[in-house]
Structure formats: structure tokens, C-alpha cells
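All chains are named by letter (A, B, ...) in the order of the sequence lines, taking the proteins before the strands, and each is independently numbered beginning at 1.
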Protein chains: 4
Amino acid sequence: MDSPATPRKRRKDARPNELLAAALDLFVEKGYSATRLEDVATRAGASKGTLYLYFANKEALFKAVIEEGIIPVIAENETIAAEHTGSAFALMERLIYNWWEKIGQTAYSGIPKLMVAEARNFPELAQFYYEKVILRARALGTQALQYGMRSGEFRTVDLDTALDVIIAPIIMLLILRHSLYGGPEHGPDPSSYLKTHLQLLAHGLLKLDKETQV
Amino acid sequence: MDSPATPRKRRKDARPNELLAAALDLFVEKGYSATRLEDVATRAGASKGTLYLYFANKEALFKAVIEEGIIPVIAENETIAAEHTGSAFALMERLIYNWWEKIGQTAYSGIPKLMVAEARNFPELAQFYYEKVILRARALGTQALQYGMRSGEFRTVDLDTALDVIIAPIIMLLILRHSLYGGPEHGPDPSSYLKTHLQLLAHGLLKLDKETQV
Amino acid sequence: MDSPATPRKRRKDARPNELLAAALDLFVEKGYSATRLEDVATRAGASKGTLYLYFANKEALFKAVIEEGIIPVIAENETIAAEHTGSAFALMERLIYNWWEKIGQTAYSGIPKLMVAEARNFPELAQFYYEKVILRARALGTQALQYGMRSGEFRTVDLDTALDVIIAPIIMLLILRHSLYGGPEHGPDPSSYLKTHLQLLAHGLLKLDKETQV
Amino acid sequence: MDSPATPRKRRKDARPNELLAAALDLFVEKGYSATRLEDVATRAGASKGTLYLYFANKEALFKAVIEEGIIPVIAENETIAAEHTGSAFALMERLIYNWWEKIGQTAYSGIPKLMVAEARNFPELAQFYYEKVILRARALGTQALQYGMRSGEFRTVDLDTALDVIIAPIIMLLILRHSLYGGPEHGPDPSSYLKTHLQLLAHGLLKLDKETQV
DNA sequence: AATGAATGAGGCTTCATTCAT
DNA sequence: AATGAATGAAGCCTCATTCAT
């Protein structure tokens, strides 16, 4: 009944997403600098010129990739945190596992490594990522830590530093899988890595009388 | 007899080191790809041609930087481990602090970030770094963990994964200081960061009855 | 009977003129080469494709602009010359002032500069303009000069050269207003410029005993 | 005895001038925009990259052309004016003829047309040319006119406008030879054109009782 | 041992023109 | 009659590497 849009029209609507998907793949594989826009276009089945119909330049393309793929997950986590009832540690687990599912297990997992790699040479991108992603993500972590400290569930720790130390292994896992270990299929096994990390955290963060929790 | 070399001779011998120092600075600041050999030469007070007298190409220059600066520290840590007497945790601390002193507080601190950033695009470099640096460094960590587990000081953990989780925040600290936080003078404060990390580790790794240790 | 065309019909007929008007504006502002057809279409409220319905290509569009705007003024001046009675100098004044009014005070004033700027790179356009505009305009000037010389009103001068020297400041006025002086609203004041020019001409061309004329 | 520099050295010293000469030719032939730097290099017997050893970019190359070729002539005319003794009209003639000889009869004669053609699209170049060339050249003309008016040799005229009208045919002569007339070898004959212009000027500018002069 | 001039492949971006709808 | 998505050739500029001196 509702005959699908004409092929032509379908194509048009799909193009930006096809380009974004191709861009994500290549940015993750090669990094920002080394990704050639022609390759992005070709992988999306388009020509160089077509890409410029949808994105003003390389930088805009990259920002769009972030905007489409990373920021919605941050927003999701904000909702999770807002609606959470239960222990602070459980909240941290949920935030970490949701992030892992939506970012860590997808091609987006390569973005943090990319940012780390190119931030110094592309301050504009670094600024964008810092404001739109890092600040919002850290705010969530801070929230969870404060919640746990106030409720007496966690020991008292320095917020910023503890957050750094908690986040580091997670980011590092992403980074390793996309750099020295040569592709997400190699490197440490994520699920045991995360379990180990959370276990160490449980022992490290929780007060002694809660030692029995995992 | 032991008369110092003539100034001329001194100069000549110094050239490669001047070039290596300049290369280190620029590699760390810009990354491998974005570092221009002309800038390296200029910073060393030499000409582009001269650089090619001492190093076959960009890759050889980079490998020489690693060879001169990183590998000796690994060797030092191997000696520390071999000669260590005392608790396993104390050994881990010594290894970590020596690494921090010799790498973390020098320009070499930028190398891990660089490797992480460019490994995928320069497999030859990645291979070199993996074999000469990563494998040897991990062997040391494995050693310390095994030692602690055998002696009953540490809980039983999966060696590789635990090592990953232990190393991650240290590497991450280096990485952050050289990327998103825009220079080693920014980012988390290293000493409290490391202290926090070791503290969490102490709680996470040590068996319960040792909980009183720091 | 003479019912006005339907709005639809009106619109349709207006399209080419809207496109020509937009093209004139942009050609004058940017020059031929630097004018983007997409901008022309957009300014006319149409799409790029539509433009190609009415004009085979950029060149055809440009020729149409000339055909619509410049050539009719030449034709007008031919009528003025044919019907003129009075002094030769008065004829020259009328031709110059009519040109000034119809071309110099409109967006068409930018065309001579454009032609001068691009003639070498677009010989086809140069040829067109030379035949359709320059030759016909010069013929009029020649006519007026001959008329004045035959009647004894003007000194004897070399026709072609005198014509060049007479025309030059007028064209130059147009050119300046569209180039270095950055827009028709700047540059020399046209009316005093033209008056000065005609005054110098009067003194230069007229025989001594007519010195009292302006 | 003084053996010539080595061919290599010779080459090196000559390169910038060879490039400037090639650039002048092509800028004059094609205009600024349409000149391809690769063509400039090729014409100078060099490669694209070599050009960038000497000039930072297209703009710098163009400015260097002006700096080398036009500005010295302005300076020369400033000296002529400063040292002139004789009639104001004679000074104007000397300035015009020197300009004609050094600019009008060389490839530099194409520069004014280029500037007129591209000023709007390259404001940076326009600014440069206006300040370094136009203002200085006009100052000279103003000087000569004032001198003649003060001495009673010239009628009283509005300085700026008169200057415009006097300069226009000269610039126009250059322009025509480089645009519609398709090359400096065509167009009006310069010497009779200039003579005619000066003659009209003499009649137009000089007071009546000097009418006998040429 | 040292220089630095020269090269040319490679990447981002623009825009006239085409054509399926 | 109108659209606007798509193409791809072309131009500016960078930089690792070579080599004559």
C-alpha cells in the first residue's frame, strides 16, 4: 500500500548516513589525518563531490560522526543516572556497561583513540570533543561517586582523581583494541577485563564492612 | 691520556644525539606522521641533508629514539626486579615509580601516546615497539604478580587481565597529558593520580588480612 | 480579450528574465569566471537545473545578458545619431549622456570591466562582444567626429585615435567604479568626472574660434 | 680569473628571478586567478615544489612581481619629479613617457588590467596595489598639476577629477592592449595615442594665451 | 661531514554540467 | 517545466627523499 519511496528518493535520504558510516569506519581505521575523503566517498558508493553536498569539509564530517554516534549514548546515560534507584556501585556498573554496549562493541569504540591521537594537531576537534563528550561523561561519573560517598557506600576519595583512575582502564581498553593490538578483535578480552576492573573497583571503593559485595 | 676529544670531534659525535633530541621533542609534540623532518633538522641546528647522513629515513630515526630512551629504562627495571627483595607490592611500586621517573617525567612520556596513535598506520613501527618495549615491560609485571600470588600476598587473579588493568591507568596518565589535556603541564596531578591508583590496587589486589597496608 | 496571462503563465515567462537579472548582478560583482551558476540560480529563486532549461551553458547565459541589456542601448544611440540636428559636439554629448544613463547608472555598467578582465581567457565571448557592441559603438563615435570635422566645428584629428582617447575616460570611469574603487558607489563622482572630460574635450577638439562654447 | 660561480650556484641565485619572470608573463596573459602555479614553474624550468621554496604562496608570488617591477618605476618617477626644472606640462610629459617606457612597453604593462580585473575578488591584493602603487603614482600627478596651477601655466581645475581624467586614457591604453585587442601588439598605436592624448591635454589644461604650444 | 636546492606524488576542495525523477 | 543529486576534472599546497656540490 504505502509504496516505498522511489529508489532515487530512498538513495537521497540514505546518503548522509551511508557517508557517516563509511567515515566512521575509516576514521577509526586510519585516524583523522590519514583518512582520505575520497576513500570515504568510495566506500559509501559515492564520489568525492557527493560527500561535499552533505558535509562542508572534513572537520564537519567528523563532528557529524560524533554527533550521530557518541552524543546520543551520553544522553542515554544521563537518563539512566536520573532514573536510577539502587546502590551507587550498581549505577556505575550500569553506566559502564551501557557505554560498553553502545560504544565499546561498535565501530565507535575507535573514537576515543582517535581523539587522543589527533587532539594536539586539531585543536578545534579537541575542543568540540571535550565540551560535547568528555565534560558530559565526567559529570555523570562525578554524580555516581558523590551519590555513593554521601550514602556511605563508598570511602571518601578525591572526586576528580578517582574518576580519572576509574575511567582510565575503560578508555585504555578501547584504545588498545584500536591501536597496538591491531583491531578490536584482538587485545584483552573485554568482558573479563571489565569484570576484573569492576572487581578491583569494588574492593577499592567500597567501605570495609561492605567487603562481601562483588 | 684521557684528554677530552677535540671540540671538533665532540661536535661530530654529538650530532646524532642532537638530532635524536630534536626528533623526540617533535614526535612527542606532533606525532609521527605530522612531524616534518625539516623541522627536526632545523631544531637540531642541522640541515635536512645532514639528518639523512645519520638516519636512513623517518622510520629509522624514530626507532633510534626508542632505542636510546625507552629500552634502557626497561633494562633498568629488569635489574630492579632481579635484585628485589621484599614484598611483591613493594616491587610493583618500585617498578612503577622508576618508570614514572625516567619516562613519565621526561619528554619520553609522549611516546606511548604516539605509538597508540600511529600503530595502525605504521605496522612496522608497531611491531618494533611491541617486541622491544611492550613484551619486555609486561614480562616484568607478570613476574611481580606471580611473585605476589605465589607468596600469598595477592589474591588469585588472571595474570594477563590483571596486568592490563594495572598498567592501563599509568599509560592513560601519560596519554592524557599528551593529548586532550594539551601538554604535560595539564591533566591530572601525577603524584596524587599514581597514589590513588596504587591505593586502589592495594585494596584490590591484596588479600583481606593485609587490608591495613597502604 | 486582452485578458492578462494567468499568474502561472506570467511566472513562466518571467523566469528567463529573473535568471538574466541574477546573472547580471553576479557577473558584475564577481566576474565571469568566478560567478557560480548555482549562485545565479539561487538568487533567481530557481534551481541549477532550471537554469539549464533556458540557457545552454554559462556562455549562452552571458551572451543573453549582453543581448538584453547592452545592445538595445546601442540601437537607441543609433537612432539618436540618425535623427540628430545640431552641433557635432552636442551629438557627442547626447550619445555619451544616454550611454551613461542607460548603462553607466545601471548594473550593466559592470560589463565593460568584465569584458576587459576576461576577454583573453574567453575568446569566444570577446569576439561576440567586439562584434556586437564595440564595433557598433565605435561606428557611432566615428560618425559624430566626421560630422564635426566636415562641418568645420572640430579640428582635424586622426579618427580612430581620437575616438580611443575620447572613449577611454568614459570606459575607465565604469571600470574604476567596479574594480579598485570597490563598488559603483565609490570612485570619482561621475557627473563632475564627465563634465570635466567633456570640458577638456571641448577645448581639445573645437577649433579656436569656437572656444566660447562649453 | 674570477671564475664564475659554479653552475649550481648560478642556478640558485637566478631561480627567483626566473620564476618572477615566468609569473609575470602568465599573470599578464591569463590573469591572477587563471594562472596555474604549475605552469609558472614549468615555464621557469622548475617544478611546482621549487616555486614554493621561494614564495610562500600565489599571493606572495604576485606581490613580489609588483615589488620587483612596478614599484621601482614609481620611485624613479619620484626622483624625476623632485629634480625637475621646467614647465609643469613638460614634467607631466616626462612622467608619462618614463612610465610608458618602463611599464607600458614591457610585460608589466599587463598589470593594471590584471588589477582592475581581479581587485574585487582579491581584496588583499587590491589593498596592496592601492597603497604601494596607486597612491604613490597619484601623488606624483597631483604634484605636477598643483605646480602648473600655481605657476599660472594651467587653468584652475579640480585636482582629483582632473587627475582621473588625465590618467584614464593611459591606463586604458594598457588595458586595451591586454584585453579586447588581444595582446600588446594590437590595439591603438601607442605613440600616436599618447601624442593625441597629450595634445588634447595641452589644449585642455593650458591657459589660452599659451594656445600656441603643442 | 654537511648542505640545501629540487622533485613530484598526494590530499582537500570547488564547480560546470548531466540526468533521473 | 522544474528539481537537485551526482559526478570528476582541476588547482593549491605539503613534505619525504635525493643528490650535486
Side-chain angles (χ1 to χ4, degrees), chain A residues 5-16 33-41 45-59 61, chain B residues 8-9 11-13 15-16 33-42 45-59 61, chain C residues 8-9 11-13 15-16 33-42 45-59 61, chain D residues 5-16 33-41 45-59 61:
Chain A
T6 62
R8 179 103 183 172
K9 189 74 164 86
R10 272 269 207 62
R11 195 77 203 267
K12 173 191 152 195
D13 293 346
R15 264 289 150 84
S33 241
T35 291
R36 301 176 340 151
L37 291 190
E38 176 147 32
D39 289 346
V40 171
S47 74
K48 227 181 332 176
T50 299
L51 196 155
Y52 280 87
L53 290 179
Y54 297 98
F55 304 97
N57 52 34
K58 202 180 190 179
E59 187 181 312
L61 176 63
Chain B
R8 171 109 193 147
K9 192 70 165 68
R11 183 73 202 288
K12 177 185 141 200
D13 294 346
R15 264 289 152 86
S33 244
T35 290
R36 298 169 35 195
L37 291 191
E38 171 142 39
D39 290 346
V40 172
T42 301
S47 73
K48 240 185 312 183
T50 301
L51 196 155
Y52 276 87
L53 286 180
Y54 294 99
F55 305 97
N57 51 33
K58 203 180 189 179
E59 188 181 311
L61 175 65
Chain C
R8 171 110 195 149
K9 191 70 163 70
R11 183 72 202 286
K12 178 182 136 201
D13 295 347
R15 263 290 153 84
S33 243
T35 290
R36 299 170 33 194
L37 291 190
E38 172 142 38
D39 289 346
V40 172
T42 301
S47 72
K48 241 187 310 184
T50 302
L51 196 155
Y52 277 87
L53 287 180
Y54 295 99
F55 306 96
N57 51 34
K58 204 179 190 181
E59 188 181 312
L61 175 65
Chain D
T6 63
R8 180 102 183 171
K9 191 75 164 87
R10 271 270 207 65
R11 195 76 204 266
K12 174 193 153 194
D13 293 346
R15 266 290 151 86
S33 240
T35 291
R36 301 176 340 151
L37 291 190
E38 176 147 31
D39 290 347
V40 171
S47 74
K48 225 182 333 174
T50 298
L51 196 154
Y52 281 88
L53 291 180
Y54 297 98
F55 304 96
N57 51 36
K58 202 179 191 179
E59 188 181 311
L61 175 65

Which dot-bracket string describes DNA chain F (Watson-Crick N1-N3 plus N6-O4 or O6-N4, or G-U N1-O2 and O6-N3, all under 3.5 Å; [ ] crossing; | other strand)?
.||||||||||||||||||||
So, OP1 or OP2 of dA6(F): does either fall under 4.0 Å of a side-chain N or O from Arg15(A)?
yes
In whole Å, I'd like the distance from the CG atom of Asp39(A) to the C1' atom of dC12(E).
13 Å
Considering only heavy atoms and no angle criterion, is a donor-acceptor pair shorter than 3.5 Å present between the side chain of Lys48(A) and the base of dT13(E)?
yes
Asn57(A) has an atom CG; how far is it from atom P of dT13(E), in whole Å?
5 Å
Let me know the distance between NZ of Lys58(C) and P of dT17(E), rounded to the nearest Å.
8 Å
Is there a side-chain contact between Tyr54(D) and the phosphate of dA6(E), meaning an N or O under 4.0 Å from OP1 or OP2?
yes
Over how many whole Å does the gap from Leu53(C) atom CG to dT18(E) atom P extend?
13 Å
What is the distance from CZ of Arg36(A) to P of dC12(E), rounded to the nearest Å?
7 Å
From OH of Tyr52(C) over to P of dA1(F), roughly how many Å is that when rounded to an integer?
18 Å
Distance, rounded to the nearest Å, where Glu38(B) contributes CD and dT7(E) contributes P
16 Å
Establish, with yes or no, whether the OP1 or OP2 oxygen of dT3(F) is under 4.0 angstrom from a side-chain nitrogen or oxygen of Ser47(C).
yes
